[in-house]
Peer 1: 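Let me give you the structure first, and then I'll get to my questions.
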Amino acid sequence: MALLDLGTPVLPALRTALTDGSPAARALAAEVLGVHGDPAAAPGLLALLHDRWQPPEVRRAAATALGRIGSPQATAELTQLLATGPVPALQRVAAEALGRIGDPAAVPTLVSGLHATDPGVRAACADALAAIGDEGRGRLRVLAIGSSPAGRAALAALDAVATARQWRRPVTSR
């Protein structure tokens with residue numbers, strides 16, 4: 001919280017901590033840079049995400065930050081992580097980040113992710129597809145017809161969208 005309270009003057013030091021700090025410092029720096037939405041941090045965050053020697057918590061923090069920043073330049077690296085990630089927690093965070101970014105280029109990988117063995121990955125991919133827009137929701141509608149795990153995840157995401165829309169409708173007086 002103190003780092004957030006310091007505001008934008010601390011951003012250069014946080015960007016430096018992405019490469020110079022301990023794993024805990026790198027993860028914290030990534031989280032705070034993401035909360036700040038610092039687009040200048042995207043290259044450093046992408047480097048952390050790409051580096052398979054980084055601890056999973058550092059890579060998760062980098063993926064989350066890239067999603068919060070909303071940088072479409074992260075789409076390729078995040079889709080790669082989703083498609084080949086060795087740890088379901090990393091795959092889930094990659095899918096969530098792709099949903100926040102909203103780049104339609106991620107749709108095919110997110111659809112493939114609906115067939116993952118981990119239910120959390122399937123749910124994250126379905127939610128990301130719903131967040132991407134009409135193309136993603138169209139793919140979900142096709143999959144929601146089946147009773148497979150992918151179909152159930154697709155249906156749950158579509159139900160969540162429908163519920164959210166109901167809550168956003170303005171109340172009209174009669």
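A quick note: this is a predicted structure, and the numbers were derived from the prediction, not measured.
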Peer 1: For residues Gln54 and Pro23, determine if any side-chain heavy atom of one lies less than 4.5 Å from a side-chain heavy atom of the other.
Peer 2: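 When only atoms from C-beta onward are counted, Pro23 and Gln54 do not touch, as no gap falls below 4.5 Å.
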Peer 1: Please check this pair: side chain of Arg122 against backbone of Ala116, looking for a donor-acceptor N/O pair closer than 3.5 Å.
Peer 2: yes
Peer 1: Would you say the side chain of Ile132 lies within less than 4.5 Å of the side chain of Arg137, judging by non-hydrogen atoms?
Peer 2: no
Peer 1: Measuring only between side-chain heavy atoms, which start at C-beta, is Leu143 closer than 4.5 Å to Val111?
Peer 2: yes
Peer 1: Between Leu82 and Val121, is there a side-chain heavy-atom distance shorter than 4.5 Å?
Peer 2: yes
Peer 1: Could you tell me if the side chain of Cys125 sits less than 4.5 Å from the side chain of Gln91, heavy atoms only?
Peer 2: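 No. Closest side-chain heavy atoms not under 4.5 Å.
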Peer 1: Has Ser112 got a side-chain atom pairing as donor or acceptor with Pro108's backbone, closer than 3.5 angstrom?
Peer 2: yes
Peer 1: If you define the side chain from C-beta out and look only at heavy atoms, does anything of Thr64 sit under 4.5 Å from Glu96?
Peer 2: no
Peer 1: Would you call Leu48 and Arg26 a side-chain contact if the rule is heavy atoms closer than 4.5 Å?
Peer 2: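 When only atoms from C-beta onward are counted, Arg26 and Leu48 do touch, with a gap below 4.5 Å.
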Peer 1: Same cluster for Leu98 and Val93 if Ile/Leu/Val/Met/Phe/Trp/Tyr side chains link at under 4.5 Å?
Peer 2: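 No, Leu98 and Val93 fall in different hydrophobic clusters.
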Peer 1: Determine whether Gln80 and Thr109 satisfy the following criterion, side-chain contact (heavy atoms from CB on, under 4.5 Å), listing intermediate values before the conclusion.
Peer 2: CA-CA 8 Å; Gln80 178 70 21; Thr109 304; over 6 Å; no
Peer 1: Any salt bridge linking Arg15 with Asp38? Criterion: basic side-chain nitrogen under 4.0 Å from a carboxylate oxygen.
Peer 2: yes
Peer 1: Roughly how far, to the nearest 0.5 Å, is OG of Ser148 from CG of Leu114?
Peer 2: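 Leu114 CG to Ser148 OG: 8.5 Å, rounded to 0.5 Å.
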Peer 1: Taking C-beta and beyond as the side chain, do Leu28 and Leu14 meet within less than 4.5 Å on heavy atoms?
Peer 2: no
Peer 1: Just verifying a value: how many Å separate Leu140 CG and Ile145 CD1, rounded to the nearest 0.5 Å?
Peer 2: 11.5 Å
Peer 1: So, Thr75 side chain and Pro72 main chain: donor-acceptor pair closer than 3.5 Å or not?
Peer 2: yes
